[in-house]
Amino acid sequence: MISDSMFQSLSDAMNTGDPVVIKDAEENARKINGVSKLVVIKSFKDKKINIIEHNDEKAHRFRMIKPMIATQDCLMCHANQNEGDVIGTKALGNNVSELLSMIMLCGE
């Protein structure tokens with residue numbers, strides 16, 4: 001629950017496109033009790049899709065983070081951005097075990 005909440009807070013901050021807001025959200029997330037490590041999403045800097053993988057005794061999960069890069073059309077709503085800026089991220093998370101189960105069912 002902490003992880004989901006922290007991820008949502010960081011995503012909301014990143015969607016503002018404001019480096020100060022993003023930095024504040026990162027610093028606040030690092031102060032949460034129970035957070036031992038915070039890996040800052042690289043998509044804002046390198047403009048590439050990044051995969052975050054997590055494997056524990058409950059599940060093998062991954063999250064794909066895809067940057068949303070501003071086009072000329074975006075600038076009407078995001079006036080403080082420039083074309084080519086990362087204005088947000090899209091996240092897709094999956095449980096590998098569940099995906100494999102679904103694939104196996106489809107193959108029957």
Side-chain angles (χ1 to χ4, degrees):
M1 194 162 96
I2 290 173
S3 175
D4 289 341
S5 176
M6 184 171 47
F7 181 80
Q8 186 63 50
S9 295
L10 287 169
S11 294
D12 290 346
M14 289 180 179
N15 287 336
T16 68
D18 184 339
V20 174
V21 172
I22 296 166
K23 185 175 180 169
D24 287 346
E26 289 175 28
E27 289 173 5
N28 289 335
R30 285 187 179 97
K31 296 175 186 174
I32 296 171
N33 285 337
V35 174
S36 59
K37 182 177 181 182
L38 175 63
V39 178
V40 178
I41 298 169
K42 300 185 308 180
S43 294
F44 266 81
K45 293 179 184 176
D46 63 17
K47 298 184 182 181
K48 296 179 182 176
I49 293 173
N50 286 278
I51 305 294
I52 300 170
E53 188 173 7
H54 179 72
N55 198 7
D56 60 28
E57 64 278 353
K58 294 180 183 177
H60 182 188
R61 297 184 174 98
F62 70 91
R63 184 167 281 186
M64 179 178 70
I65 309 299
K66 182 178 180 181
M68 297 177 350
I69 299 174
T71 62
Q72 190 64 39
D73 293 337
C74 299
L75 302 182
M76 287 185 249
C77 295
H78 299 273
N80 63 338
Q81 301 296 315
N82 296 309
E83 191 170 350
D85 287 351
V86 177
I87 58 173
T89 59
K90 298 177 192 175
L92 170 67
N94 283 302
N95 180 322
V96 175
S97 299
E98 289 175 9
L99 290 174
L100 290 174
S101 295
M102 289 173 25
I103 291 169
M104 299 302 277
L105 288 174
C106 291
E108 293 179 353

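For clarity, every value in this text was computed on a predicted model and none was experimentally measured.
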For Ala25 and Ala13, the nearest pair of non-hydrogen atoms, with its separation, is CB-CB, 3.5 Å
side-chain hydrogen bond (donor to acceptor under 3.5 Å, both in side chains) partners of Asp12, counting only residues at least two apart = Gln8
Interatomic spacing from CG in Asp73 to CD in Glu83 - rounded to 0.5 Å = 9.0 Å
Nearest non-hydrogen partners of Lys48 and Pro67, listed with the distance = O-CD, 3.5 Å
Would you check if Cys74 and Ile87 make a side-chain contact, meaning some heavy-atom pair closer than 4.5 Å?
-> yes
Report the distance from atom CE of Met64 to atom CD1 of Ile52, rounding to the nearest 0.5 Å.
-> 11.5 Å
Shortest non-hydrogen contact from Leu75 to Ala70?
-> CD2-CB, 4.4 Å
In this structure, OG1 of Thr71 is separated from CG of Asp85 (nearest 0.5 Å) by 11.5 Å
Who else is in the cluster with Met76 when I, L, V, M, F, W and Y are joined by side-chain contacts under 4.5 Å?
-> none
Would a hydrophobic clustering, with Ile, Leu, Val, Met, Phe, Trp and Tyr connected at side-chain separations under 4.5 Å, put Val86 with Ile22?
-> yes
Under 6.0 Å from the NZ atom of Lys23, do we count more than 12 heavy atoms belonging to anything else shown?
-> no
